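One structure is given here, and the rest of the page talks about it.
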There are 2 protein chains.
Amino acid sequence: MEKEIGYMTSLIGDPVRTTILWTLLDGRAYTATELAICADTSPQNISMHLNKLVQADLLTVASQGRHKYYRFSREEVAYAIEAIGNLIPGEKHKKIINNKDNSAIKYCRTCYDHLAGKVGVLITEGLVKQKILERTDSDYLLTKRGDIFFGELKIDTYKLKMHRRAFAKPCLDWSERKHHLAGSLGAAFLDTMLSLDWLRRAKQSRVVIVTSKGQQQLYDRLRVTV
Amino acid sequence: MEKEIGYMTSLIGDPVRTTILWTLLDGRAYTATELAICADTSPQNISMHLNKLVQADLLTVASQGRHKYYRFSREEVAYAIEAIGNLIPGEKHKKIINNKDNSAIKYCRTCYDHLAGKVGVLITEGLVKQKILERTDSDYLLTKRGDIFFGELKIDTYKLKMHRRAFAKPCLDWSERKHHLAGSLGAAFLDTMLSLDWLRRAKQSRVVIVTSKGQQQLYDRLRVTV
DNA sequence: TTGACACTTCATTTTGCACTTAACTGTCAA
DNA sequence: TTGACAGTTAAGTGCAAAATGAAGTGTCAA
């Protein structure tokens, strides 16, 4: 019994496995690759960790073609992880369990050539809050702070404005019913975030995944928590 | 936030710290040395671990003379540990929280020169269940299995019976209101368990602590879980 | 049939951190 | 004052387990 509780806690204790469990707290099923991206590690490594979690009956797997979807095997697992989360001092770390509506495609995806979904909307709101963009009826306008912000990211806004294409347009999001950033600036910003490895494209899908580096950067630069 | 949950889980994940937290689940305060014995490790090491747990506000310390008493700093800690315990398959691992009645002195102590308290009673019951001893009105009788059992522990029962002192008497336990083993056999058995490091005396007190080795041996030989 | 992709397996390397050895502070009681 | 004991601190070591590299299996789609 002592042995068993020790094994259980050391299973949960590994940082990669913690990230896996914390990610799965939203109730969705994730593929091994998605979890590898979330945990910022290699496919081999995530495979090893996922195996241990399945062995211990914390997770279950469902094979679908060449993908494997992982989710909690029972709700007690979520309770335990949440109970640990409650121990962290400061603001409550709320994670909504079993929010099945919140599918990955709604959460973070591309819309033509720019970022959409909940993450796209959050980032756009962040840009406005940080006074990097200013909203008008039909457009976003770049402020002085905006020049600096995009300059730091090596995005040449001056050149973008020369294009015949619209520079920065609001685009209504079908899942969020709010606006996200489109236009040549939106496209350039998505490109930059992908090349800086803040985001990665899931294969054969419009789904985009925010890396841990991306989460950090988005928080540092825009005070956006994704 | 990701970082914090990771730190929290790795704190809980270490086997020594897990044992500490699991031990404290009974709601009692333990000294550093007692916890070192429970976790089967050195005083320096337990000191390091306890410090980390205090730093993270999982435990609080109260100094009393040269002793330091450790307990949970808030009940959420106990909930989290219990939630993890619930993940272990098989029978429920019940630990009663805040059972203040169950003080160490009631649990495992010496009575003159033999073992008393809940542990003393459990061991005595184990000896009878395993048909090592047979209870009569006023005595315990040694069976053939008993000869083997104490022989394996290098206790010379033949010599003990030669003493003028009673060989194996029941002694009523004030906390348990049940009998435990007294007499020359009870004294010899306590001596043996101490020298085999199944038990250790707490300094300056009648309290005795069961080592993890002792827990293993008592289960293997007597099917007694302490 | 072929190539791209998701995931696995195994052998090897790396590393974080628990643990040890040793020397210390502070408290108690004779 | 002294010696025994509870607990701490600091420097150095060792090892279990995570990460990596290389080579695989099985699936999909062109």
Side-chain angles (χ1 to χ4, degrees), chain A residues 3 6-21 29-56 59-71 104 200-207 209 211-212, chain B residues 3 6-21 29-56 59-71 104 200-209 212:
Chain A
K3 248 177 51 194
Y7 184 65
M8 204 72 241
T9 53
S10 67
L11 258 184
I12 297 174
D14 175 81
V16 167
R17 289 192 291 264
T18 296
T19 308
I20 293 171
L21 295 167
Y30 285 76
T31 66
T33 302
E34 286 170 341
L35 290 168
I37 292 168
C38 290
D40 207 20
T41 187
S42 67
Q44 305 97 293
N45 204 29
I46 211 79
S47 180
M48 182 265 292
H49 286 300
L50 288 170
N51 247 317
K52 291 194 178 182
L53 293 171
V54 171
Q55 289 303 314
L59 304 185
T60 48
V61 209
S63 288
Q64 228 173 86
R66 48 186 171 184
H67 296 274
K68 287 197 171 183
Y69 284 90
Y70 292 86
R71 60 168 69 250
R200 288 183 210 161
R201 285 184 191 280
K203 310 288 174 182
Q204 301 173 323
S205 138
R206 286 162 54 209
V207 171
I209 283 134
T211 64
S212 55
Chain B
K3 248 177 49 193
Y7 184 65
M8 203 71 241
T9 53
S10 67
L11 259 185
I12 297 174
D14 174 81
V16 166
R17 290 191 290 265
T18 296
T19 307
I20 292 170
L21 294 167
Y30 284 77
T31 67
T33 301
E34 285 171 341
L35 290 169
I37 292 170
C38 290
D40 208 18
T41 188
S42 67
Q44 305 94 298
N45 203 29
I46 212 78
S47 178
M48 182 265 291
H49 287 300
L50 288 170
N51 246 318
K52 292 195 178 183
L53 293 171
V54 171
Q55 289 302 315
L59 303 186
T60 48
V61 210
S63 289
Q64 230 174 83
R66 49 186 171 185
H67 296 274
K68 286 196 173 183
Y69 284 90
Y70 291 86
R71 61 169 68 247
R200 289 183 210 159
R201 286 184 191 280
K203 309 290 171 181
Q204 302 172 323
S205 135
R206 285 162 55 208
V207 170
V208 170
I209 283 137
S212 55

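Chain letters run A, B, ... following the sequence lines, proteins first, then strands; residues in each count from 1. Predicted, not measured: the structure shown is a model, and the values here were computed from it.
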Quick one: which of B/Leu35, B/Leu53, B/Ile20, B/Thr60 gives a side chain to side chain contact (heavy atoms under 4.5 Å, CB included) with B/Tyr70?
B/Leu35
Provide, to the nearest angstrom, the distance between the [atom1] atom belonging to [X] and the [atom2] atom belonging to [N].
| X | N | atom1 | atom2 | result |
| --- | --- | --- | --- | --- |
| B/Asp14 | D/dC15 | CG | P | 17 Å |
| A/Met48 | D/dA19 | CE | P | 6 Å |
| A/Leu11 | D/dA18 | CG | C1' | 13 Å |
| B/Ile20 | D/dG7 | CD1 | P | 12 Å |
| B/Glu34 | D/dC5 | CD | P | 16 Å |
| B/Asn45 | D/dT13 | CG | C1' | 14 Å |
| A/Tyr69 | C/dC7 | OH | P | 8 Å |
| B/Leu35 | D/dA6 | CG | P | 14 Å |

So, is [X] near the phosphate of [N], with a side-chain N or O under 4.0 Å from OP1 or OP2?
| X | N | answer |
| --- | --- | --- |
| B/His67 | C/dC28 | no |
| B/Lys52 | C/dA18 | yes |
| A/Asn51 | C/dT9 | yes |
| A/Thr33 | C/dC7 | yes |
| A/Arg17 | D/dA18 | yes |
| A/His49 | D/dA19 | yes |

By side chain to side chain contact (heavy atoms under 4.5 Å, CB included), which residues pair with B/Ala36, not counting sequence neighbours?
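Side chain to side chain contact (heavy atoms under 4.5 Å, CB included) check on B/Ala36 returns B/Ile46.
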Under 3.5 Å donor-acceptor pair, B/Gln44 side-chain atoms to D/dG7 base atoms
no
Tell me the closest heavy-atom pair linking A/Ser10 and A/Arg17, and the distance in Å.
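Closest pair (atom of A/Ser10, atom of A/Arg17, distance): O-NH2, 3.3 Å.
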Please report the shortest heavy-atom distance between B/Thr19 and B/Cys38, naming the atom on each side.
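Of all heavy-atom pairs spanning B/Thr19 and B/Cys38, the closest is CG2-O, 3.8 Å.
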I'd like to check B/Arg71 versus B/Leu59 (side-chain heavy atoms, cut-off strictly below 4.5 Å). Are they in contact?
no
Considering only heavy atoms from C-beta outward, does the side chain of B/Lys68 approach that of B/Thr31 to under 4.5 Å?
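Contact flag for B/Lys68/B/Thr31 side chains = no.
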Among the nucleotides D/dT9, D/dT20, D/dA4, which one has an atom lying closest to any side-chain atom of B/Arg66?
D/dA4
Estimate the overall bend of the helix from C/dT1-D/dA30 to C/dA30-D/dT1 from the end axes over five pairs each, rounded to 10 degrees.
30°
Counting the atoms with a prime plus P, OP1 and OP2 as sugar-phosphate, which does A/Ser10 contact under 4.0 Å by heavy atoms, base, sugar-phosphate, or nothing?
nothing
Test side chain to side chain contact (heavy atoms under 4.5 Å, CB included) on B/Leu50 and B/Ser47 and set out the steps.
CA-CA 5 Å; B/Leu50 288 170; B/Ser47 178; 5.9 Å; no
